[in-house]
Amino acid sequence: MIDWMLEAASVREFLQHLVDDAVSASGADGCGVTLQRRQRPLTVVSTEGVADKLDEKQYSQDDGPCLQALRTGRVVHVPDMLEESRWGHYPGFAADLGIRSSLSLPIPVRAHTAGALNFYAAYPDAFAENDRHTLAMFAAQAGGGIALAQRLADAEDFTRDLQTALASRSVIDQAIGSVMQQYKCTEQEAFDLLRRLSQQANLKLRDVCTRLLTGIAGRPPAPRPPLRPRP
């Protein structure tokens, strides 16, 4: 997985590498990764063709082996679509497309996303127990990649929020200094004055301070330099 992550330019590219290798390892006729966010499932990568059609059929009827694996966190194995009675018209739809068996593995992402790795084969009993164990490792790798991408995204959001907070604090501190100088008052008295102005104008304290500094200098206060990692 480390090699894939280093070579991939995005999590989507990483997952595409994983799907392609998983198909080669299993001999499946199709494979796709389904992720669900905000209660909406979506095939993010696939080998296209029959895999996309089977995924979309399940999404449209809100039921199927892929969604069951995603929602329950359990492996869903279909040895033969012609002998399957679950999921309404889906097994017949799959058989009409030439797919006789499937394997859906939950992706353990341990975050705000649910997922499943789905394999489809043209012949019955395509996924023996040993195969299922091997393919479960691909699902675990997919989960690791997705979880890493989410942690990086969360860290980026945190940095952005922190930068915004620091910028607000900088503007407020500048405004307090200006009020202290103009009115010859203490820091607490200057802050209380700005807070009262904020309440009277029904504006955020940062906006009041920005207007004050703009009026004094004739231009908005300079933004705080962005956070940079230490060398």
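Rounding to the nearest 0.5 angstrom, the gap separating the CG atom in L54 from the CG atom in N118 is 9.5 Å. The OG atom of S104 sits 8.5 Å away from the CG atom of L117 when rounded to the nearest 0.5 Å. Rounded to the nearest 0.5 angstrom, Q188 CD and L193 CG are separated by 11.5 Å. Distance check: M81 CE to L97 CG gives 10.0 Å after rounding to the nearest 0.5 Å. Going from atom NZ of K53 over to atom CD1 of I99 covers 10.5 Å, rounded to the nearest 0.5 Å. The distance from the OG atom of S101 to the NE2 atom of H77 is 6.0 Å, given to the nearest 0.5 Å.
For Q61, the CD atom sits in a packed shell: over 12 heavy atoms of surrounding residues, nucleotides or ligands are nearer than 6.0 Å. Within 6.0 Å of the NZ atom in K57, the count of heavy atoms belonging to other residues, nucleotides or ligands exceeds 12.
With respect to the salt-bridge test (charged N to carboxylate O, under 4.0 angstrom), the residues D192 and R195 qualify.
When all heavy atoms of F191 and I176 are compared, the pair lying nearest together is CD1-CD1, 3.9 Å. For the pair Q58 and C66, the tightest heavy-atom approach, listed with the atom from each and the gap, is OE1-N, 2.8 Å. Residue S102 comes nearest to P65 through the heavy atom pair OG-CG, 4.2 Å, listed as atom of the first residue, atom of the second, then distance. Taking every heavy atom of both residues into account, V23 and F119 meet most closely at N-CE2, 4.5 Å. Nearest approach of L135 to A22, heavy atoms of both residues: CD2-O, 4.0 Å. Of all heavy-atom pairs between T47 and G30, the closest is OG1-CA, 3.3 Å.
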Subject >> Test log, rule side-chain contact (heavy atoms from CB on, under 4.5 Å), inputs V78 and W87 >> reply: CA-CA 11 Å; V78 182; W87 312 304; 3.5 Å; yes
**OP:** I would like to know whether L105 and L103 meet side-chain contact (heavy atoms from CB on, under 4.5 Å); could you show each step before the answer?
**Re:** CA-CA 7 Å; L105 302 159; L103 179 68; 4.2 Å; yes
Subject >> Worked verdict on L42 versus Y59 for side-chain contact (heavy atoms from CB on, under 4.5 Å) >> reply: CA-CA 8 Å; L42 176 70; Y59 305 157; 5.6 Å; no
**OP:** For side-chain contact (heavy atoms from CB on, under 4.5 Å), just list the numbers for Y90 and D63, CA-CA rounded to whole Å, side-chain angles, deciding distance to a tenth of an Å, and then say yes or no.
**Re:** CA-CA 8 Å; Y90 171 75; D63 201 10; over 6 Å; no
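Residues F93 and L82 fall into different hydrophobic clusters, defined by Ile, Leu, Val, Met, Phe, Trp and Tyr side chains chained together at heavy-atom separations under 4.5 Å. Follow the hydrophobic side-chain contacts under 4.5 Å out from V45 and you never reach L67; the two are in separate clusters. Taken together through direct or relayed side-chain contacts under 4.5 Å among Ile, Leu, Val, Met, Phe, Trp and Tyr, Y120 and V75 form parts of separate hydrophobic clusters. Grouping the Ile, Leu, Val, Met, Phe, Trp and Tyr side chains by contacts below 4.5 angstrom, directly or via other members, places Y183 with L194. Under the 4.5 Å side-chain heavy-atom criterion for grouping Ile, Leu, Val, Met, Phe, Trp and Tyr, L205 is connected to V179 within one hydrophobic cluster.
D80 is linked by a salt bridge (Lys or Arg N to Asp or Glu O under 4.0 Å) to R100, counting only residues two or more places apart in sequence or in another chain. For the salt bridge (Lys or Arg N to Asp or Glu O under 4.0 Å) test, residues two or more places apart in sequence or in another chain that qualify with R86 are E84. Applying the salt bridge (Lys or Arg N to Asp or Glu O under 4.0 Å) criterion to R71, with sequence neighbours excluded, gives D62.
Counting only distance, with no hydrogens or angles, the side chain of E189 and the backbone of T186 share a donor-acceptor pair below 3.5 Å. In this structure, the side chain of S46 does not engage the main chain of A51 through any donor-acceptor pair within 3.5 Å. Counting only distance, with no hydrogens or angles, the side chain of D29 and the backbone of A122 share a donor-acceptor pair below 3.5 Å. The closest donor-acceptor contact from the side chain of T72 to the backbone of R74 lies under 3.5 Å.
For the pair Q174 and S170, the minimum side-chain heavy-atom distance is below 4.5 Å. A heavy-atom distance below 4.5 Å is found between the side chains of R206 and T210. At least one side-chain heavy atom of V171 sits less than 4.5 Å from a side-chain heavy atom of L213.
For the residue pair S60 and E56, no side-chain donor N or O sits within less than 3.5 Å of a side-chain acceptor on the partner.
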